[in-house]
**Q** 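Below you will find the structure I want to go over with you.
FYI, the numbering just counts along the sequence from 1. Scope of the values below: all heavy atoms of this structure, side chains included, with no hydrogens, waters or symmetry mates.
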Amino acid sequence: QVHLVESGGGLVQPGGSLRLSCTGSDYYVIGWFRQAPGKERGGVSFIAMSDGSSYYADSVKGRFTISRDNFGNTVYLQMNSLKPEDTAVYYCATEPGLRYVSFDPSDYAYWGRGTQVTVSS
């Protein structure tokens, strides 16, 4: 049984920063997705836990950084230079059988409950 827990969301002004955490898994790939009201859930950033390789959606490259805790099973998403369009519920996800990084949410079976990120002045 995989139980993922996200934390770290909140309200921040444009240009601000937040750090999200996801605890509960050390399977091969851990991913962050987000879903804004009225929009489909989309991939944001992913990390391969074996070697720390990281992957980003074009919309967040250069602003977001994903990392892992080498001593545990926690993945972080550092979000800088936040924009109003980053407002969404952010979810972490994993799939024990996955051996490649996928941005498709249908490839992931285990999800956290999500954490709200609101970027507004």
**Q** Just list the side-chain donor-acceptor pairs under 3.5 Å for residues 36-48, sequence neighbours left out, or say none.
**A**
| unit_1 | atom_1 | unit_2 | atom_2 | d |
| --- | --- | --- | --- | --- |
| Arg41 | NE | Gln35 | OE1 | 3.2 |
| Arg41 | NH2 | Gln35 | OE1 | 3.3 |
| Ser45 | OG | Tyr55 | O | 3.0 |

**Q** Can you tell me how far the CZ atom of Arg113 sits from the SG atom of Cys92, to the nearest 0.5 Å?
**A** 13.0 Å
**Q** Would you say OH of Tyr27 has more than 12 non-hydrogen atoms from neighbouring residues, nucleotides or ligands within 6.0 angstrom?
**A** no
**Q** Can you hop from Leu77 to Trp111 via hydrophobic side chains spaced under 4.5 Å?
**A** no
**Q** Under a 4.5 Å side-chain heavy-atom rule over Ile, Leu, Val, Met, Phe, Trp and Tyr, are Tyr90 and Tyr56 clustered together?
**A**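 Linked, Tyr90 and Tyr56 end up in one cluster.
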**Q** Which residues pass the side-chain hydrogen bond (donor to acceptor under 3.5 Å, both in side chains) test with Ser17, sequence neighbours left out?
**A** Asn80
**Q** So, taking the atom named CG in Leu4 and the one named CD1 in Ile30, what distance separates them when rounded to the nearest 0.5 Å?
**A**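 Leu4 CG to Ile30 CD1: 6.5 Å, rounded to 0.5 Å.
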**Q** For Val119, is there any backbone N or O sitting under 3.5 Å from a side-chain donor or acceptor partner on Thr87?
**A**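 Flag set: sc Thr87 to bb Val119 pair under 3.5 Å.
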**Q** Please name the pair of heavy atoms, one in Gln116 and one in Ala88, separated by the smallest distance, quoted to 0.1 Å.
**A** NE2-O, 3.4 Å
**Q** Do Val29 and Phe103 belong to the same hydrophobic cluster, where Ile, Leu, Val, Met, Phe, Trp and Tyr are linked whenever their side-chain heavy atoms lie under 4.5 Å apart, directly or via other members?
**A** yes
**Q** Among all residues two or more places apart in sequence or in another chain, which pass the side-chain hydrogen bond (donor to acceptor under 3.5 Å, both in side chains) test with Ser121?
**A**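 side-chain hydrogen bond (donor to acceptor under 3.5 Å, both in side chains) check on Ser121 returns nothing, list empty.
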**Q** How would you list, by chain and number, every residue that makes a side-chain contact (heavy atoms from CB on, under 4.5 Å) with Ser120, sequence neighbours excluded?
**A** Leu11, Thr118
**Q** Would Ile66 and Val89 show up in the same hydrophobic cluster when neighbours are defined by side-chain heavy atoms closer than 4.5 Å?
**A** no
**Q** Quick check: do Glu6 and Leu20 have side-chain heavy atoms less than 4.5 Å from each other?
**A**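 In short, these two side chains do not touch, never coming nearer than 4.5 Å.
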**Q** Under the side-chain contact (heavy atoms from CB on, under 4.5 Å) criterion, do Leu82 and Gln13 qualify, and how do the steps go?
**A** CA-CA 8 Å; Leu82 283 162; Gln13 292 186 342; over 6 Å; no
**Q** Between Tyr108 and Phe33, is the ring-ring contact (aromatic ring centres under 6.0 Å, His included) condition met? List the steps.
**A** CA-CA 11 Å; Tyr108 295 81; Phe33 292 81; 5.3 Å; yes
**Q** Is a salt bridge present between Asp86 and Lys83, judged by a nitrogen-to-oxygen distance below 4.0 Å?
**A**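 Between Lys83 and Asp86 there is no salt bridge, as every charged N stays at least 4.0 Å from the carboxylate O atoms.
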**Q** Sort and list the pairs that fulfil side chain to side chain donor-acceptor pair (under 3.5 Å) and have at least one residue in residues 91-102, not counting sequence neighbours.
**A**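 Applying side chain to side chain donor-acceptor pair (under 3.5 Å) to every pair that reaches into residues 91-102, excluding sequence neighbours, yields Ser102-Asp107.
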**Q** What's the separation between atom OG1 in Thr65 and atom CZ in Arg63, rounded to the nearest 0.5 Å?
**A**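 Interatomic distance, Thr65 OG1 to Arg63 CZ, rounded to 0.5 Å: 11.0 Å.
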**Q** Would you give the length of the straight line joining atom OG of Ser81 to atom CZ of Phe64, rounded to the nearest 0.5 angstrom?
**A**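 Those atoms lie 9.0 Å apart.
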**Q** Please name all residues satisfying side-chain hydrogen bond (donor to acceptor under 3.5 Å, both in side chains) with Thr23, sequence neighbours left out, ordered by chain then number.
**A**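 In terms of side-chain hydrogen bond (donor to acceptor under 3.5 Å, both in side chains), with neighbours along the sequence ignored, Thr23 is linked to Thr74.
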